[in-house]
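Just so you know, these numbers use all the heavy atoms, side chains as well, and skip hydrogens, waters and symmetry mates. Quick note on labels: first sequence line is chain A, next is B, and so on, each numbered from 1.
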Amino acid sequence: MSERYNFAATETKWQEFWEQNQSFKAVTDTSRPKYYALSMLPYPSGRIHMGHVRNYTLGDVVARYKRAMGFNVLHPMGWDAFGLPAENAARDRKTHPATWTYDNIKNMKAELKSMGLSLDWDRELATCDVTYYKHQQKLFLDFLKANLVYRKEAWANWDPVDNTVLANEQVIDGRGWRSGALVEKRLLSQWFFKITDYSEELLQALGTLDRWPDKVRLMQENWIGKSEGAYVNFPVTGRDEKVEVFTTRPDTLFGASFVAISANHALAKELATKDAKLAEFCAECNRTGTSIVAIEQGEKLGFDTGVTVSHPFDPAWKVPVYVANFVLVEYGTGAIFGCPAHDQRDLDFARKYGLPVKPVVLPEGEDPATFTVGDVAYTGEGKAFNSKYFDGLGTDAAIKAAIKKVEELGVGKGTVQYRLRDWCISRQRYWGCPIPIIHCETCGAVPVPDKDLPVELPTDITLDKPGNPLDHHPTWKHVNCPTCGKPARRETDTCDTFVDSSWYYARYCSADNADEPVSRADMDYWMPVDQYVGGVEHAILHLLYSRFFTRAMKATGYIGIDEPFTGLFTQGMVCHESYKDEDGQWLYPEEVKRNADGSGVHATTGRPVTIGRIEVMSKSKKNVVDPGQIIRAYGADTARLFMLSDSPPERDIEWSEAGVEGAWRYVSRLWRSVTEPKIALETTLPAALGEKALALRQTIHRTIAELTNDIERFHFNRAVARVRELSNALDTLDGSDAGEGAVLREGLETLVRLLNPMLPHITEELWAQLGHKTPLVKGAWPKADPALLVETTVTIAVQVNGKIRATLTLPKDADAKAAEAAALADDGVKRAMAGKATKKIIVVPNKIVNIVVV
RNA sequence: GCGGGUAUGGCGGAAUUGGUAGACGCGCUGGAUUUAGGUUCCAGUGAUGAAAGUCGUGGGGGUUCAAGUCCCUUUACCCGCACCA
């Protein structure tokens with residue numbers, strides 16, 4: 001009996017070997033094909049969690065596999081290190097955000113290293129490091145010059161807990177994405193990136209991202225939210241001005257019965273100055289925003305301004321103007337015309353305020369004389385009626401005709417709207433990249449000259465006062481204007497942390513360039529990222545911003561491509577059972593002991609425990625398992641194998657003790673199968689192999705072919721199943737057949753090589769034990785011998801009336817007649833046919849014979 | 001409300017283009033080795049039936065020689081967006 005596999009010693013040994021040999025250092029080499037494998041960079045919270053283990057295992061399998069396939073692989077790692085949690089932690093622990101952050105990075109880096117990831121740590125970056133953010137400031141200034149950045153006063157989403165504004169993408173169900181606080185509307189001066197310049201391009205290019213999940217592309221498409229329609233003007237009665245509305249249904253203009261404007265529309269604000277009740281109504285709308293109350297109650301509220309407007313097609317036709325809570329100032333023109341018959345919201349509104357409901361689109365099969373709308377608007381297509389110019393036209397034709405008509409009459413024009421709005425990047429926080437701008441009373445917003453970069457964060461700050469620590473700082477913001485020299489003040493807003501992560505993938509490629517954000521030669525070689533792996537929660541925010549950034553970097557000459565990530569894989573989350581004690585308090589898995597009957601008790605007190613649902617691991621529910629503990633108990637290879645087994649990578653995985661045990665058992669079995677082979681390994685294959693030995697060689701080579709295909713397609717769970725099948729097959733060798741010792745060696749070596757991307761440590765060790773001097777990290781991927789993939793016999797099924805009655809083993813490509821004859825000769829088949837007349841026989845070569853009888 | 005997805009043994013999940021449903025693993029049952037447990041090894045494991053067989057991929061219907069796979073319909077759950085005019 002040999003010793004148990006000592007994973008701790010082996011894993012340390014090989015991690016040191018890789019480090020000493022710089023096995024994963026990526027060097028630009030234009031003579032070799034490159035492969036850029038990237039996993040999303042983590043936020044340095046202090047500890048890695050199982051989600052990281054899964055993400056980085058998947059990315060590492062790709063990196064190691066592609067390396068073996070001969071690619072020059074870039075596989076870097078870094079830290080998304082700015083952000084509010086560091087400020088909060090620093091305040092609570094009376095330390096500095098930088099101290100907290102760099103301590104966390106140190107810890108997490110050690111944990112990541114224990115996973116045996118094939119990362120080029122020489123390219124490591126931290127976004128909070130001035131060596132990183134100084135380049136970001138340069139990019140900001142270049143984007144500013146390229147007219148892709150601007151400052152404007154705008155209604156911003158204010159998070160009252162984090163004391164900062166948020167981008168639209170960061171408001172989820174009316175709450176801040178991080179704090180969960182109800183977001184308020186505030187009018188503030190903010191910096192914006194002009195992502196909307198690329199609305200159409202970002203939308204169109206989704207079609208080229210064929211290695212992205214459809215789901216993510218669809219989410220981005222919906223987020224960009226293109227809609228085609230028209231602007232139409234309604235002249236205000238008794239004034240020389242118009243209310244401009246946006247509509248996608250200009251064909252329903254003859255059904256208009258009111259115009260509704262947002263509480264923040266210019267006209268509403270003007271009227272409110274003379275009408276206290278209206279002012280109160282508008283204030284109410286802003287307090288509740290257009291979010292929570294409105295969503296929960298769905299109540300349409302309006303305020304009749306007393307003002308009327310003329311219909312664009314008929315000056316004599318007056319409709320009232322309401323201020324309405326459901327009209328968004330940010331979308332379209334902040335004004336709509338209401339057509340109650342064909343829009344549910346407008347109908348609800350009209351019924352509440354007693355406005356006319358006039359149908360102008362006739363559904364198929366309805367009689368124009370009798371068709372009426374009750375409580376349900378007709379929003380579908382139909383024939384226009386009651387509509388003068390458009391009567392009789394189908395909806396699509398009527399829309400086109402209406403746009404033409406409003407343009408002819410000079411009362412509007414066809415247009416395209418996008419839901420996507422410019423990206424607000426200002427954050428009123430300390431721990432972020434300072435926006436390199438100086439505000440001067442005479443010169444305005446002046447860019448910090450390149451020679452004065454970087455604008456560094458001050459280190460002496462106070463975090464215990466509400467508001468922006470940069471703004472509180474006694475001296476930092478007071479500087480002289482670079483243009484006129486007069487006293488001025490720095491911009492105290494810092495960048496949204498999504499800016500940091502929008503270009504880090506490019507920076508990795510030129511990590512040692514101290515003078516420029518990136519070098520063009522590196523961009524041209526390494527970019528784009530060939531395979532990006534991360535969580536689906538970044539489907540919109542991070543990925544859309546990065547797509548914009550790459551285009552902005554192209555516009556400013558840094559890069560020659562549009563799309564940063566040609567391949568994207570979004571992995572599922574890691575779940576675990578959750579537990580509660582009698583008092584309803586959450587318990588950690590290690591606090592719970594399972595009884596034989598499946599019930600649970602507290603491990604130390606023995607009191608009953610309620611076993612809850614299987615849910616995504618989260619600290620708040622305590623259903624977490626610490627990867628560090630697992631790696632210490634079972635080793636990184638076992639943890640990696642568990643992550644790859646069973647569940648398809650895109651689906652959620654349930655972490656279970658039994659599953660880890662299973663993975664560990666296989667690792668141990670692999671160890672034994674090489675170190676204590678049942679029959680002696682031989683190095684040379686004899687010229688003639690026995691039947692069984694030959695069949696096994698075929699299995700070996702088929703496994704190579706199929707597993708390679710599985711890895712290419714991200715079917716890692718199937719890849720694991722295939723190596724286990726190969727293990728099972730090799731176990732059947734018992735030395736009874738000629739050449740088995742040599743076949744077993746070939747099988748074990750293949751097994752070890754195929755498993756190397758998944759289990760990098762044990763496979764290196766076993767490879768060395770098998771007598772190889774060159775480590776697997778330098779080795780090539782096994783190739784299947786085509787001659788051994790050719791099957792000589794096939795098993796075909798025989799059906800009678802579609803029911804399986806027998807299986808036959810026949811030579812491959814046997815002709816149909818032979819297959820038919822063999823099928824009819826089978827006893828089981830004869831019994832099933834029971835002398836009935838044969839109507840038809842279908843023969844699918846190498847697959848099936850189906851005999852149809854009556 | 002709109003959009004998308006999923007549904008297969010006790011469990012996680014396999015199954016090119018319609019062509020032997022349940023690979024592989026977990027769990028479970030029985031046995032062997034062993035020292036007490038674990039480990040390891042062997043056998044079994046969709047349901048039903050003595051067997052032949054019959055039934056079986058959320059439910060119902062259809063197309064086909066043949067359906068987990070295609071079509072219609074329905075239910076449940078998950079995800080995204082949510083007054084976007």
Side-chain angles (χ1 to χ4, degrees), chain A residues 1 4 172-174 213-223 225-227 229 245-250 252 260 290-291 294-295 298-300 324-328 330-339 342-346 348-349 417-421 536-537 539-540 614 641-642 645-648 650-654 656-666 668-669 672 709 713 715 717-728 731 795-808 828 831-832 839-853:
Chain A
M1 188 82 174
R4 238 159 92 109
I172 294 149
D173 292 339
D214 290 343
K215 177 185 165 155
V216 174
R217 291 195 287 179
L218 191 68
M219 280 165 76
Q220 293 215 352
E221 187 183 323
N222 291 339
W223 190 263
K226 181 178 182 174
S227 59
V245 306
F246 172 70
T247 178
T248 56
R249 292 293 300 273
T252 64
T290 44
S291 54
I295 285 167
E299 192 178 3
K300 313 273 177 286
N325 69 339
F326 66 93
V327 181
L328 304 168
E330 311 94 331
Y331 191 75
T333 59
I336 61 158
F337 81 85
C339 176
H342 305 293
D343 183 288
Q344 193 59 47
R345 291 160 303 177
D346 296 346
D348 295 345
F349 193 83
Q417 279 288 322
Y418 299 90
R419 201 183 82 116
L420 181 68
R421 274 164 266 150
V536 73
E537 64 273 22
I540 293 170
I614 294 161
L641 182 61
F642 177 90
S645 308
D646 296 349
S647 292
E650 69 277 9
R651 230 180 280 182
D652 287 353
I653 190 171
E654 192 205 340
S656 71
E657 194 63 22
V660 189
E661 291 282 352
W664 165 245
R665 270 203 296 278
Y666 183 73
S668 310
R669 178 181 169 194
R672 283 193 309 274
N709 187 31
R713 299 201 290 169
H715 292 162
N717 56 322
R718 289 207 304 214
V720 171
R722 293 205 200 281
V723 289
R724 299 185 99 124
E725 276 178 301
L726 181 55
S727 278
N728 292 345
D731 269 2
T795 307
I796 67 166
V798 183
Q799 299 180 336
V800 177
N801 282 354
K803 290 198 165 129
I804 300 292
R805 298 297 174 185
T807 57
L808 303 173
R831 199 181 321 129
K839 191 177 157 197
K840 189 167 161 191
I841 299 181
I842 293 114
V843 181
V844 180
N846 303 323
K847 288 251 163 80
I848 208 161
V849 176
N850 190 7
I851 301 162
V852 186
V853 296

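Distance check on atom P: B/U35 versus B/G22 gives 41 Å, rounded to whole Å. B/G62 and B/A51 have their C1' atoms separated by 36 Å, given to the nearest Å. B/U73 and B/C65 have their C1' atoms separated by 26 Å, with the value rounded to a whole Å. Atom name C1', nucleotides B/G49 and B/U33: the rounded distance is 36 Å, in whole Å. To the nearest whole angstrom, the two P atoms, one in B/U6 and one in B/U69, are 13 Å apart. When the C1' atom is used for both B/A23 and B/G13, the distance is 10 Å, rounded to whole Å. Taking atom C1' on both nucleotides, B/A67 is separated from B/A21 by 11 Å, rounded to a whole Å. Across B/G12 and B/A7, the matching C1' atoms stand 14 Å from one another, rounded to whole Å.
Between A/Asp214 and A/Arg217, at least one side-chain nitrogen of the basic residue sits less than 4.0 Å from a carboxylate oxygen of the acidic one, meeting the salt-bridge criterion.
Each of A/Asp652 and A/Val852 was matched to the nucleotide of RNA chain B holding its nearest heavy atom; the match closer to the 5' end belongs to A/Asp652. Checking A/Pro648 against A/Glu654, the closest nucleotide of RNA chain B that is more toward the 5' end is the one next to A/Glu654.
Nearest to the side chain of A/Ala721, among B/A23, B/A82, B/A52, sits B/A23. With B/G12, B/G3, B/C26 as the candidates, the nucleotide lying closest to the side chain of A/Asn222 is B/G3. Between B/G12, B/G80, B/U40, one nucleotide has an atom nearer to the side chain of A/Arg665 than all others, and that is B/U40. Distances from the side chain of A/Phe246 to the nucleotides B/A85, B/G53, B/U20 place B/A85 closest. Here the nucleotide nearest the side chain of A/Ile848, chosen from B/A14, B/U20, B/A85, is B/U20. The side chain of A/Asn728 approaches B/G25 more closely than any other nucleotide in the set B/G13, B/G25, B/C65. Ranking B/G80, B/A85, B/G13 by closeness to the A/Met219 side chain, first place goes to B/G80.
At a cut-off of 3.5 Å, with distance as the only test, no side-chain donor of A/Tyr666 or A/Ser645 sits close to an acceptor on the other residue.
B/C65 atom P lies 7 Å from atom NZ of A/Lys839, rounded to whole Å. Atom CD1 of A/Ile540 is separated from atom C1' of B/G80 by 7 Å (rounded to the nearest Å). Regarding A/Ile796, its CD1 atom lies at a distance of 18 Å from the P atom of B/A66, rounded to whole Å. In this structure, A/Asp731 atom CG and B/C42 atom P are separated by 7 Å, rounded to whole Å. Protein atom CD of A/Glu725 is 5 Å distant from nucleotide atom P of B/C24, rounded to whole Å. Atom pair A/Tyr331:OH and B/A82:P shows a separation of 13 Å (rounding to whole Å applied). The distance from atom CD1 of A/Ile804 to atom C1' of B/C65 is 12 Å, rounded to the nearest whole Å. With rounding to whole Å, A/Leu218 atom CG is found 12 Å from B/C79 atom C1'.
Here A/Tyr418 contributes atom OH and A/Tyr331 contributes atom OH; the two are 10.5 Å apart, rounded to the nearest 0.5 Å. Note that the NE2 atom of A/His715 and the CD atom of A/Glu650 stand 6.5 Å from one another [nearest 0.5 Å]. A distance of 11.0 Å separates CD of A/Glu661 from CZ of A/Phe642, quoted to the nearest 0.5 Å.
Side chains of A/Ile336 and A/Phe326 form a contact here, defined as non-hydrogen atoms less than 4.5 Å apart. A/Asp646 has its side chain out of reach of A/Ile653: every pair of non-hydrogen atoms, C-beta onward, lies at least 4.5 Å apart. Side-chain atoms of A/Asn801 and A/Val852, non-hydrogen and from C-beta on, do get closer than 4.5 Å to each other. Looking at heavy atoms from C-beta onward, A/Thr252 lies out of side-chain contact with A/Asp343 at the 4.5 angstrom threshold. Taking 4.5 Å as the limit, some side-chain heavy atom of A/Arg669 sits within range of a side-chain heavy atom of A/Ser727.
Residue-to-nucleotide contacts include no donor-acceptor pair under 3.5 Å from the side chain of A/Lys215 to the base of B/C79. For a distance-only test at 3.5 Å, the side chain of A/Lys847 qualifies as a donor-acceptor partner of the base of B/U17.
Within the 4.0 angstrom heavy-atom criterion, base atoms lie near A/Arg345. Among the heavy atoms of the strands, none lies under 4.0 Å from A/Asp346. As judged by a 4.0 angstrom heavy-atom cut-off over every strand, A/Arg217 is placed among residues making no nucleic acid contact. Heavy atoms of A/Thr807 sit under 4.0 angstrom from at least one base atom. Among the heavy atoms of the strands, none lies under 4.0 Å from A/Arg722. Using a 4.0 Å heavy-atom cutoff across all strands shown, A/Lys803 reaches sugar-phosphate atoms only and no base atom. Contact annotation for A/Asn850: base contact, defined as any heavy-atom pair under 4.0 Å involving a base atom. Contacts of A/Val844 with the nucleic acid, taken as non-hydrogen atoms under 4.0 Å apart, include base atoms. When heavy atoms are screened at a 4.0 angstrom cut-off, A/Thr795 is found touching base atoms of the nucleic acid.
Contact check, A/Arg419 against B/A82: a side-chain N or O comes under 4.0 Å of OP1 or OP2. Listed pair A/Asn325 / B/C83 fails the phosphate criterion, with no side-chain N or O lying under 4.0 Å from OP1 or OP2. Not one side-chain nitrogen or oxygen of A/Arg724 sits closer than 4.0 Å to the OP1 or OP2 atom of B/A14. Put simply, A/Ser227 has a side-chain N or O that comes within less than 4.0 Å of OP1 or OP2 on B/A85.
Across every strand in view, B/A7 sits in a pair with B/U75 that passes the Watson-Crick or G-U test at under 3.5 angstrom. In this structure B/G1 sits in a base pair with B/C81, meeting the Watson-Crick or G-U test at under 3.5 Å. Pair assignment for B/A47 gives B/U54, based on Watson-Crick or G-U wobble hydrogen-bonding distances that are each under 3.5 Å. Within the shown strands, B/C65 is the pairing partner of B/G19 under the Watson-Crick or G-U definition, both distances less than 3.5 Å.
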Worksheet, complete the sentence: Under a 4.0 Å heavy-atom criterion, the protein footprint on nucleotides 46-51 of chain B, written with B, S and -, is ------
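In terms of heavy-atom proximity, A/Ala832 sits nearest to A/Val800 at CB-CG2, 4.1 Å.
Residue A/Gln799 forms a side-chain contact (heavy atoms from CB on, under 4.5 Å) with just one option from A/Val849, A/Asn850, A/Ile851, A/Ile842, and that option is A/Asn850.
The glycosidic torsion of B/G37 lies more than 90° away from 0, which places this base in the anti conformation.
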